[in-house]
Amino acid sequence: MHRLVSAAGRAAGRVPTSCRGAGEEALRGAAGRPPRGARLPPEGTARWSSAAKASAVKINEKASREKILTLESMNPQVKAVEYAVRGPIVHKAGEIEKELRKLCFSKSWGYVGEKEASPDLFDCTKPAPVNSGSHITVLCLNVGIKKPFTEVIKANIGDAQAMGQRPITFLRQVVALCTYPNLLDSPSFPEDAKKRARRILQGCGGNSLGAYTASQGINCIREDVASYIERRDGGVPADPDNIYLTTGASDGITSILKILVSGGGKSRTGVMIPIPQYPLYSAVISELDAIQVNYYLDEENCWSLDVNELRRSLNEAKAYCNPKVLCIINPGNPTGQVQSRKCIEDVIHFAWEEKLFLLADEVYQDNVYSEGCQFHSFKKILYEMGPEYSNNVELASFHSTSKGYMGECGYRGGYMEVLNLHPDIKGQLVKLLSVRLCPPVSGQAAMDIVVNPPVPGEESYSQFIKEKESVLNNLAKKAKLAEDMFNKVPGVHCNPLQGAMYAFPRIFIPSKAIEEAKAHKMAPDMFYCMKLLEETGICVVPGSGFGQREGTYHFRMTILPQIDKLKILLEKMKDFHIKFLEKYA
């Protein structure tokens with residue numbers, strides 16, 4: 001689809017430099033003359049022939065020296081990093097989105113008569129403007145590539161608000177008040193929100209969210225985190241000095257691993273991680289040049305964790321590294337299992353027995369859906385196992401504003417609680433954290449509302465609890481919907497989604513498709529997910545990006561889309577899978 005709109009009046013000749021060249025030739029038309037009423041760039045504008053351009057490129061190539069930073073000279077640990085959640089398939093999804101867009105080359109510029117034009121003027125999906133006065137010539141150079149779908153659905157990442165989840169009102173009110181304190185005089189904001197905002201601002205330098213804070217975080221927020229942990233864990237004491245506010249949970253996990261990794265050769269630190277795992281762990285391990293030690297979750301038993309598997313993994317790893325870190329994700333990502341109390345006790349005993357530093361990733365602690373399942377924090381169970389454990393096992397546990405019912409990924413708020421750290425190491429950790437000065441202060445404020453929400457008797461409580469329960473109830477419905485629909489598809493099996501916000505179904509891939517994947521130098525489940533994306537517009541992450549037992553294939557899909565869209569998405573996936581099996585049978 002092409003569209004020409006004439007240029008005249010004051011706008012005559014004002015075509016942006018970036019739009020000359022091919023656009024200019026198009027304006028001239030096949031006969032070499034501009035269409036009636038159209039104007040070319042003013043005389044004197046430099047016009048480069050293709051030969052001149054080629055010559056200039058050669059001169060630049062000769063003049064440019066060899067680059068200092070190349071793939072060969074760059075840090076090999078960074079090159080080894082892989083992060084499947086935003087990996088090749090997501091880049092492909094971005095390319096398809098661009099192909100679907102129908103945009104003109106000059107969407108961001110233009111004048112109509114005396115006024116600057118709206119960008120909508122240059123959108124080829126809208127009718128051409130009709131105007132008796134002066135208006136600019138616009139040529140649609142990109143009209144979109146036709147696909148069997150109209151949008152890309154990015155079900156690859158747990159980004160709740162990008163999928164349509166509404167923010168929690170109270171949290172946004174407090175952050176707004178902290179950001180623009182003049183609003184504290186507004187009657188539009190409730191007093192309980194103002195009270196929290198004032199308290200946070202009093203902890204900031206100059207009473208401003210724009211000031212640096214202590215590297216460990218604002219003191220009153222760390223106190224609120226400690227109080228939250230005590231309430232959550234039924235009175236188990238928490239010390240604000242053990243609380244560190246972080247840039248999301250990822251920052252805390254990375255910082256702890258940085259301080260743990262040491263040695264060389266067989267003495268190099270080994271980090272035990274679950275398979276399947278959240279790719280942050282393998283990425284940080286690669287970046288730090290540590291040794292990844294895999295232990296496998298039991299898919300046949302709802303992705304449960306078996307201590308015998310931990311022992312097998314540990315004993316094998318001792319031959320080539322020094323395993324001293326054990327990572328647990330509870331509830332699981334991508335697998336969605338919720339650890340039982342007995343399982344957590346077994347893991348803590350194992351860590352105590354083998355002298356392992358425990359990392360408990362608990363960012364999905366609010367996301368528990370299945371009947372009979374309950375979140376138990378490692379901190380609580382550790383304390384209840386008695387002083388032999390609670391005074392000795394080193395434990396770092398993590399939480400975030402990004403998941404749960406909040407879905408505030410962009411604020412990058414989080415905390416970690418670190419227990420039984422050697423006093424000298426505590427100083428080293430604070431030193432390490434001080435290099436990045438402080439976590440985002442707006443994220444700290446958001447974290448405060450997660451741990452210090454409205455309580456019964458406050459004016460915002462009823463709205464807050466209604467919004468929170470609505471989000472969690474909807475997630476529970478979507479978890480059950482995804483499980484049920486996947487298990488109706490031949491060649492697909494999905495364990496119960498006990499918690500978190502993902503499905504991780506196992507898929508059957510025929511041998512013919514596996515051979516074709518090899519021919520394309522792709523993992524079979526990557527090949528499957530690429531075909532799914534290209535034919536339906538649905539973007540999910542192949543299981544090979546999270547790790548899986550050899551010979552099994554999976555993908556991870558978030559359950560965050562609104563329920564009507566999720567139903568459509570699941571139906572499309574069912575139809576695709578059936579056609580895929582038929583094609584490669």
Side-chain angles (χ1 to χ4, degrees), residues 158-184 186-204 207-210 213 217-218 220-229 231-232 243 245-252 362-367 398-416 438-475 501 560 562:
D159 192 352
Q161 293 183 27
M163 289 292 186
Q165 180 177 309
R166 294 179 64 83
I168 298 297
T169 302
F170 187 77
L171 186 150
R172 287 297 184 91
Q173 286 174 330
V174 176
V175 176
L177 289 163
C178 289
T179 305
Y180 189 57
N182 287 3
L183 294 173
L184 288 164
S186 170
S188 300
F189 289 80
E191 284 303 318
D192 47 359
K194 292 178 180 179
K195 177 182 176 184
R196 284 166 175 77
R198 289 189 185 100
R199 183 168 178 266
I200 292 168
L201 289 171
Q202 285 168 5
C204 297
N207 290 320
S208 173
L209 220 58
T213 72
I218 298 172
C220 68
I221 298 178
R222 291 190 291 115
E223 289 172 353
D224 288 344
V225 171
S227 297
Y228 162 80
I229 291 170
R231 293 194 307 274
R232 182 197 68 187
I243 307 296
L245 301 183
T246 57
T247 307
S250 302
D251 173 48
E362 299 175 336
V363 300
Y364 297 100
Q365 59 189 257
D366 288 304
N367 302 106
F398 308 90
H399 196 19
S400 166
T401 62
S402 301
K403 309 304 177 185
Y405 59 90
M406 306 78 67
E408 294 286 4
C409 304
Y411 277 122
R412 308 309 299 132
Y415 76 75
M416 60 181 175
C438 67
V441 187
S442 56
Q444 295 187 49
M447 191 74 245
D448 188 66
I449 307 313
V450 175
V451 298
N452 185 26
V455 296
E458 290 188 304
E459 61 181 299
S460 299
Y461 177 75
S462 59
Q463 181 182 8
F464 167 79
I465 205 69
K466 181 181 178 182
E467 291 175 352
K468 175 182 176 180
E469 289 179 353
S470 174
V471 171
L472 294 176
N473 289 339
N474 277 330
L475 283 170
M501 47 185 63
L560 288 171
Q562 298 301 296

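Positions are given from 1, in the same order as the sequence printed here.
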[X] (side chain) donor-acceptor with [Y] (main chain) under 3.5 angstrom:
{"X": "Asn473", "Y": "Glu469", "answer": "yes"}
{"X": "Arg196", "Y": "Asn452", "answer": "yes"}
{"X": "Ser227", "Y": "Glu223", "answer": "yes"}
{"X": "Lys403", "Y": "Gly158", "answer": "yes"}
{"X": "Gln444", "Y": "Leu245", "answer": "no"}
{"X": "Glu459", "Y": "Glu191", "answer": "yes"}
{"X": "Asp192", "Y": "Glu458", "answer": "no"}
{"X": "Thr401", "Y": "Glu408", "answer": "yes"}
{"X": "Glu467", "Y": "Thr169", "answer": "yes"}

Checking Phe398 now: which residues fulfil ring-ring contact (aromatic ring centres under 6.0 Å, His included) with it, not counting sequence neighbours?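 With neighbours one apart ignored, the set is empty.
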
Check whether any side-chain heavy atom of [X] lies under 4.5 Å from a side-chain heavy atom of [Y], and answer yes or no.
{"X": "Asn207", "Y": "Pro181", "result": "no"}
{"X": "Pro190", "Y": "Gln173", "result": "yes"}
{"X": "Phe464", "Y": "Ile168", "result": "yes"}
{"X": "Met447", "Y": "His399", "result": "yes"}
{"X": "Pro439", "Y": "Thr246", "result": "no"}

Closest heavy-atom contact between [X] and [Y]?
{"X": "Cys204", "Y": "Leu209", "value": "SG-CD1, 4.3 Å"}
{"X": "Arg412", "Y": "Ser250", "value": "NH2-OG, 4.1 Å"}
{"X": "Ile449", "Y": "Leu171", "value": "CG2-CA, 3.7 Å"}
{"X": "Val451", "Y": "Pro453", "value": "C-CD, 3.4 Å"}
{"X": "Arg222", "Y": "Ile243", "value": "CD-O, 3.1 Å"}
{"X": "Pro454", "Y": "Tyr461", "value": "O-CD1, 3.4 Å"}

When you look at CZ of Arg198, are more than 12 heavy atoms from neighbouring residues, nucleotides or ligands closer to it than 6.0 Å?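 Atom CZ in Arg198 is packed in, count exceeds 12.
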
Using the six-membered ring wherever Trp is involved, compare the ring planes of Tyr415 and Tyr228 and label them parallel, tilted or perpendicular (cut-offs 30° and 60°).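 Because their plane-to-plane angle is over 60°, the rings of Tyr415 and Tyr228 count as perpendicular.
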
Partner residues of Gln562 under the side-chain contact (heavy atoms from CB on, under 4.5 Å) criterion, sequence neighbours left out: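 With neighbours one apart ignored, the set is empty.
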
